[in-house]
Amino acid sequence: MKPLVVINFKTYKQGKDAIELAKKIDKIDKNIIIGVQASDIYEITKATKLAVYSQHVDYEEKGRATGFILPEAVKKDKAVGSFLNHSEHKLSFDVLKGTMKRCKQAGLKTMVFASSVKEALKIEKLKPDYLVYEPPELVGGRISVSESKPDVIKKLSERIKMKFLVGAGIHNSEDVEIAVKLGAIGFAVSSAVVNAKEPEKKLRELISNP
Ligand code: G3P
């Protein structure tokens, strides 16, 4: 089975640049999930058929609240779901729980990130649509989760009942191959693709093997 691919745009790209990157990804595979800044969702869902996720949403209700990203707002812009609890946007367990509830009410899927097996086990109980294991110390680096933490990926596949993805430092097709062999259904990537001179080439290379 083809691995599920998640591309996190982070804040590396926004506006016109984010839309251009999304269009390039759309040409390669429309099943790829992309995580973009809330301000880019509307334009990107208009311009592509990709599954667009917000990189975060808040749990505030509609009304007297200033500067929050509401699940309803990103849903109106046609986002499919939201990332939550990424290591670069960590939430307390209670806030995560509340935000997941709000996402459900708004009809948004949730992709929740975990930094350890212990955290993944806790998050699994909340029944997210997707669970992604990313060791924070490897995020944005050149050593991948597959190279550095094969034991943890294996442990996850033994201890977690739900399907999961892995991410951090993924930069070649061997990284993807190892992750899938050890039990992940897909991978999350950012810098290797988003900051590549030729993102399409890099993406094709990543998905060339399994
Ligand atoms: O969510 C994916 C991301 O945190 C991984 O980042 O740059 O290590 O591929 P990167």
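In each ligand, atom 1 is the first atom listed, and ligand 1 is the first ligand listed.
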I want to know if ligand 1 touches G169 in the polar sense, i.e. an N/O pair below 3.5 angstrom. yes
Which atoms of ligand 1 are found less than 4.0 Å from any heavy atom of [X]?
{"X": "V189", "value": "9 (O)"}
{"X": "G140", "value": "7 (O), 8 (O), 10 (P)"}
{"X": "F113", "value": "1 (O)"}
{"X": "S191", "value": "7 (O), 9 (O), 10 (P)"}

If you measure only the distance, is there a donor-acceptor pair under 3.5 Å linking the side chains of [X] and [Y]?
{"X": "S208", "Y": "E205", "value": "no"}
{"X": "K90", "Y": "S115", "value": "yes"}
{"X": "D26", "Y": "T48", "value": "no"}

Assess K10 for proximity to ligand 1: is some non-hydrogen atom of it under 4.0 Å away? yes
Any non-hydrogen atom of A168 lying under 4.0 Å from ligand 1? yes
What's the verdict on side chain to side chain donor-acceptor pair (under 3.5 Å) for E147 and S144, showing C-alpha distance, side-chain angles and the deciding distance? CA-CA 5 Å; E147 288 170 89; S144 71; 3.2 Å; yes
For atom 5 (C) of ligand 1, tell me which residue out of E88, Q55, E134, R142 has the closest non-hydrogen atom. E134
Salt bridge or not for K149 and E134, using N-O below 4.0 Å? no
Could you tell me whether K24 and E20 have a side-chain N and a carboxylate O separated by less than 4.0 Å? no
Ligand 1-proximal atoms of H86, by part, heavy-atom distance under 4.0 Å: side chain
Ligand 1 contact on N8 by region, counting heavy-atom pairs under 4.0 Å: side chain
Return the orientation label for the F83 and Y53 ring planes: parallel under 30°, perpendicular over 60°, tilted otherwise. tilted
Could you find the nearest protein heavy atom to atom 9 (O) of ligand 1 and give me its residue, atom name and distance? S190 N, 2.8 Å
Once rounded to the nearest 0.5 Å, what's the spacing between atom OG of S54 and atom CD1 of I34? 11.5 Å
